[in-house]
Amino acid sequence: MEKDFDKKLYNDYLEGSKEAFEFLYNKYKKRIEYFIFNIVKDCNIAEDITQETFIYVMQNRIKENISFKYYIYMVAQ
């Protein structure tokens, strides 16, 4: 159910909804930042990579059979 909602929000973003992006960003920002921090062990670098991750995800479409959550973590690696 959550996967479908995230995918819907992502598709809404692609159709121009700024609010959909903001919702996804607020939902995943801290999680992704923490995930990256555990790899790089530097808060500033983790913040920068998190920003770059969101930029990449929002500029490059997800394939149909992949969830938004899986995709964003895959990019963050």
Side-chain angles (χ1 to χ4, degrees):
M1 182 89 130
E2 181 179 337
K3 288 189 252 184
D4 294 335
F5 184 64
D6 287 351
K7 193 76 156 199
K8 181 193 178 320
L9 287 171
Y10 179 73
N11 288 328
D12 289 349
Y13 160 74
L14 293 176
E15 293 174 6
S17 173
K18 182 179 176 183
E19 294 81 16
F21 170 77
E22 289 175 6
F23 186 87
L24 288 170
Y25 181 80
N26 291 328
K27 180 177 180 180
Y28 286 101
K29 180 191 180 286
K30 291 291 182 192
R31 296 176 192 187
I32 296 299
E33 201 169 285
Y34 180 74
F35 174 75
I36 294 168
F37 174 78
N38 283 312
I39 297 169
V40 299
K41 306 295 187 209
D42 183 297
C43 289
N44 293 325
I45 293 173
E47 287 177 18
D48 291 344
I49 295 172
T50 299
Q51 292 289 329
E52 292 173 19
T53 298
F54 273 94
I55 291 168
Y56 181 89
V57 165
M58 294 309 181
Q59 291 178 344
N60 296 278
R61 290 184 176 262
I62 299 172
K63 294 182 182 177
E64 285 300 313
N65 57 344
I66 297 176
S67 73
F68 181 82
K69 183 177 180 178
Y70 174 80
Y71 184 60
I72 198 164
Y73 276 92
M74 183 179 68
V75 171
Q77 285 189 50

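Numbers for residues simply follow the sequence, beginning at 1. Only a predicted model underlies this, so the values are computations on that prediction, with no experimental measurement involved.
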Can you get from [X] to [Y] by hopping between Ile, Leu, Val, Met, Phe, Trp and Tyr side chains that sit under 4.5 Å apart?
X     : Y     : answer
Tyr25 : Met74 : yes
Tyr70 : Tyr34 : no
Ile66 : Phe5  : yes
Ile55 : Ile45 : no

| said: We want to know whether Glu22 and Tyr13 form a side-chain donor-acceptor pair, criterion being a heavy-atom distance below 3.5 angstrom. | reply: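 There is no such pair (donor and acceptor under 3.5 Å, judged by atom type) between the side chains of Glu22 and Tyr13.
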What pair of heavy atoms forms the shortest contact from [X] to [Y], and how long is it?
X     : Y     : value
Glu33 : Thr50 : CA-OG1, 3.2 Å
Arg61 : Tyr10 : CA-OH, 3.2 Å
Ala46 : Val40 : N-CG2, 4.1 Å

Can you find a pair of side-chain heavy atoms, one from [X] and one from [Y], that are under 4.5 Å apart?
X     : Y     : value
Asn60 : Tyr71 : yes
Ile72 : Arg31 : no
Glu47 : Phe37 : no
Lys27 : Leu9  : no

To the nearest 0.5 Å, what is the distance between [atom1] ([X]) and [atom2] ([Y])?
X     : Y     : atom1 : atom2 : result
Ile62 : Lys69 : CD1   : NZ    : 13.5 Å
Leu14 : Met58 : CG    : CE    : 8.0 Å
Phe23 : Asp6  : CZ    : CG    : 7.5 Å

Worked check of side-chain contact (heavy atoms from CB on, under 4.5 Å) between Ile36 and Thr53:
CA-CA 10 Å; Ile36 294 168; Thr53 298; 4.0 Å; yes
Output field: ring centroids Phe68/Tyr28 closer than 6.0 Å:
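Phe68 vs Tyr28: aromatic centres under 6.0 Å.
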Below 4.0 angstrom, N of the basic side chain to O of the carboxylate: do Lys8 and Asp12 qualify?
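Salt bridge between Lys8 and Asp12, a charged N being under 4.0 Å from a carboxylate O: yes.
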